[in-house]
Visitor: 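Could you have a look at this structure, given as structure tokens, before my questions?
Every chain is numbered from 1 and lettered A, B, ... according to where its sequence line falls, protein lines coming before strand lines. Because the structure is a prediction, the values reported are computed rather than measured.
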Amino acid sequence: MPAPDAMKADPVILALEGRVTAYLVGPIWAEALETLSRYADRPIVIDASRLESIDDTGIALLFDLKSRPRSVGAEVEIRGLAPSLAALIPDYAPDDVAEPARKWPPLGIIERAGRAASLQLAAAARMLAFLGDCAAALLQAFHRRGVIRWGEVLSVAAEAGANAVPIVLLIGFLMGVIIAFEIGLVAQQFGAVIFVVDGVGVAVLRELGALMTAIVFAGRTGAAFAAQIGTQKVNEEVNAILTFGLDPVRFLVLPRLIAAVLVMPLLTVLADVVGIFGGALVLAGFNIGFVQFYNHLLGAVGIEDFLVGVVKAAVFGLTIAAIGCQRGLATGAGATSVGLSATSAVVTSIIWIVVLDGFFTVLISS
Amino acid sequence: MERPAVSAQAQTTPAVSVRDLKVGYGSRVLLEGASFDVQRGEILVILGASGCGKSSLMKNMIGLYRPMAGDVLIGGESIVRAGPTEKARLQRGLGITYQSGALFGSLTVLENIRFPLDEFTDIGLEQKNLIARMLLHQVEMVEAQSRMPAELSGGMLKRAGIARAMALGAEILMLDEPSAGLDPITAANLDRTILALRDNLGLTFVVVTHELQSILKVADRAVMLDATSRSIIAEGVPSELRDHSQDARVRQFFNRRPDAPETEVRR
């Protein structure tokens, strides 16, 4: 431990004893620096004669103390250091291990806004180019047999569709229950509970069935697409496909797009059925029997309501898969990039789902 | 903060002792009856053909996997029988590098080196940065301190991994395939770094590799594993193993002859 002793001699003596290791060096270093700054005008002698051993942190301590700029006559001198330990202290200049100077000055708000805007424009251009590639691959698939790898499509469909059934059933059911209960409580005050059937039917079939399924699909499958393709990009599998003269869009993207367009409507139908069943279950508590619910529902909604939901689901599926795959292919290097791609895929998908839903609503209403 | 036991042990205790170790996964045995010591300040190389269980042996030695039987002593203390707290203490006394470097992708190179110091010491930030930069200087990586791991080459990742493994002043460094996939110059630099660290700091090295040039250059002693017999088939000074081993498999390995050693291979 350092023991500043300024009383006995003109130079200030700092004694280092025993072992100086990573686990012990913190307070020693702090005390030594404090001594150096307190006696800025006096020479400092570090008495290392009783120092037994040091590790890399002890070496750094001695290097730091020795290299600190001091005024003339107030230098730091290390005395009594065993030759085997002295040999460990590097003789390079402190600048060799100095903090690097910042290369670029920090950007102002206008530059940052400009940079963000240009990045967004570039991302939009990349997305458009990617959609163009997808369209070209799909067109090729219609004209030539063997372009679509159906085995891969089935495998993706099973993972994205069949394995998602339990969670879609749960979310769909709870959604129907919640809507029926919330509207039912209000409608009860006006003696209009029967019209809750209309509300549940229209809301689930036209909007919520597709919307909630799409959100689950984005979180579950969109993220998985981005992470899978992103990992393949990081592992250079995408490069291997390219250097075989093959198109990554056809190999990696097309099966996922087709699988998503196929399974999203099916999952939405399931969500519709259990959602309406959940609503019927709740309304049974409001004295609306299952038969009465069924008969009223037939009058309240038509096939077009069901079809609107299913078509939306297919478009949502296409959107989520395209965004997931594009984010995967745009992954940079390293594990962090894969995580960022997956997150970005989910966030972007959900934003686009809501935007497209609004677009559908306006289009259909007008 | 408590100092790991490895450095508190008497200097006569071997740094690492492997005792009748049986290594494998599930019912598949890769290696059995493995016993050897690593002395302090020694560079021991574990070598053998691909798939013979070199990396698995190392993972058992550092307590990542539990061996099927046998024991591993770090500075005289069993890492196999140690409880979670004791095991963590023993592991902190080891500097370990992995095949890929295993740097944390979300941290810069400097932050990666500083990470163990941030977690386990109360050294000031400026001082930790100095220690990290000096370690990076030692592995000739100081220029790359602000870069992210994704921006580094394979050799740079491995060298940064070694710097991180040394940050807490570990006296035993375990390196898994440090020079695999590196160009000859970078691999030679890495060998030079290992020798310098052993000579200057008295560190102990256990190096898993099958790079012949590296083995012959750095190893004081080598332990050779064999996939077929699932055992250690040779132990000794690498150059003597190469020149004087009675075991045909050892001579095949050192002389890069895939066929029987009696048969001359035309190249």
Side-chain angles (χ1 to χ4, degrees), chain A residues 18-34 52-68 83-104 230 233-235 331-340, chain B residues 1-4 7-8 11 89 92-93 95 100 102-108 110 113 116-117 119-138 142-152 157 163 165-171 196-197 199-203:
Chain A
R19 300 169 60 85
V20 177
T21 65
Y23 299 93
L24 304 170
V25 79
I28 299 174
W29 206 323
E31 206 174 323
L33 290 181
E34 206 267 324
E52 289 168 13
S53 68
I54 50 177
D55 65 7
D56 57 289
T57 60
I59 295 169
L61 165 68
L62 291 175
F63 177 79
D64 184 33
L65 297 181
K66 194 167 73 87
S67 320
R68 292 218 162 224
S84 59
L85 299 181
L88 300 176
I89 301 174
D91 53 5
Y92 46 69
D95 282 351
D96 288 358
V97 286
E99 191 170 354
R102 190 190 281 269
K103 280 183 185 165
W104 308 103
K233 177 97 185 290
V234 171
N235 290 342
T331 300
T336 315
S337 304
V338 176
L340 289 175
Chain B
M1 177 61 71
E2 197 182 352
R3 176 78 191 160
S7 56
Q11 293 298 307
R89 182 175 61 81
R92 275 205 298 278
S100 60
L103 297 189
F104 305 123
S106 56
L107 304 178
T108 64
L110 186 85
I113 313 303
L117 296 168
E119 287 297 311
F120 297 111
T121 73
D122 48 7
I123 305 170
L125 180 65
E126 196 188 325
Q127 287 72 45
K128 283 187 288 197
N129 283 337
L130 175 68
I131 295 167
R133 284 195 207 100
M134 288 178 71
L135 286 167
L136 285 170
H137 194 280
Q138 214 156 357
V142 77
E143 299 298 321
Q145 60 181 290
S146 307
R147 285 156 73 177
M148 301 301 284
E151 299 169 314
L152 303 183
L157 285 171
M166 288 165 52
L168 282 178
E171 293 175 353
L197 291 172
D199 295 342
N200 295 334
L201 290 175
L203 303 185

Visitor: Please state whether the side chain, the backbone, both or neither of B:I131 comes within less than 4.5 Å of a heavy atom of chain A.
Guide: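 Both parts, heavy atoms under 4.5 Å.
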
Visitor: Give a yes or no on whether the backbone of A:A22 and the side-chain of B:T121 come within a donor-acceptor separation of less than 3.5 Å.
Guide: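 It does not hold such a pair.
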
Visitor: Which one of A:G332, A:A98, A:S337 has the most heavy-atom pairs closer than 4.5 Å to chain B?
Guide: A:A98

Visitor: Scan for salt bridge (Lys or Arg N to Asp or Glu O under 4.0 Å) pairs involving residues 89-98 of chain A, sequence neighbours excluded, and state none if there are none.
Guide: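 Checked against salt bridge (Lys or Arg N to Asp or Glu O under 4.0 Å) - neighbours excluded - no pair reaches residues 89-98 of chain A.
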
Visitor: Report, as yes or no, whether the 6.0 Å neighbourhood of atom CD on A:E34 holds more than 12 heavy atoms from other residues, nucleotides or ligands.
Guide: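 For A:E34, atom CD is crowded (more than 12 foreign heavy atoms under 6.0 Å).
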
Visitor: Would A:L33 and B:Q127 count as a side chain to side chain contact (heavy atoms under 4.5 Å, CB included) if you check the C-alpha gap in whole Å, the side-chain angles of each, and the deciding distance to 0.1 Å?
Guide: CA-CA 10 Å; A:L33 290 181; B:Q127 287 72 45; 3.1 Å; yes

Visitor: Applying side chain to side chain contact (heavy atoms under 4.5 Å, CB included) to B:L168 and A:Y23, what does each step give before you reach the verdict?
Guide: CA-CA 8 Å; B:L168 282 178; A:Y23 299 93; 3.5 Å; yes

Visitor: Quick one: what part of B:E151 sits under 4.5 Å from any heavy atom of chain A, side chain, backbone, both or neither?
Guide: neither

Visitor: Given the options B:P116, B:A167, B:A132, which has more heavy-atom pairs under 4.5 Å with chain A than any of the others?
Guide: B:A167

Visitor: Ignoring hydrogens, what is the shortest heavy-atom contact between A:G26 and B:D122? Give both atom names and the distance.
Guide: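 The answer is CA-OD1, 3.6 Å.
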
Visitor: Report which part of B:S146 has an atom under 4.5 Å of a heavy atom belonging to chain A: side chain, backbone, both, or neither.
Guide: side chain

Visitor: Please enumerate all residues that pass side chain to side chain contact (heavy atoms under 4.5 Å, CB included) together with A:P90, with sequence neighbours excluded.
Guide: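 Here the qualifying residues are A:I59, A:F63, A:Y92, B:M134.
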
Visitor: Among A:I54, A:D64, A:L61, A:V234, which residue forms the greatest number of heavy-atom pairs with chain B at distances under 4.5 Å?
Guide: A:D64

Visitor: Using 0.5 Å steps for rounding, measure from the CG atom of B:L203 to the CG atom of A:D56.
Guide: 8.5 Å

Visitor: Any chance CD of B:E143 has more than 12 other-residue heavy atoms, nucleotides or ligands included, within less than 6.0 Å?
Guide: no

Visitor: To the nearest 0.5 Å, tell me how far A:W29 CH2 sits from B:K128 NZ.
Guide: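 Going from CH2 on A:W29 over to NZ on B:K128, the span is 11.0 Å.
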
Visitor: Please lay out, stage by stage, how B:R133 and A:E99 fare under the test side chain to side chain contact (heavy atoms under 4.5 Å, CB included).
Guide: CA-CA 8 Å; B:R133 284 195 207 100; A:E99 191 170 354; 3.4 Å; yes

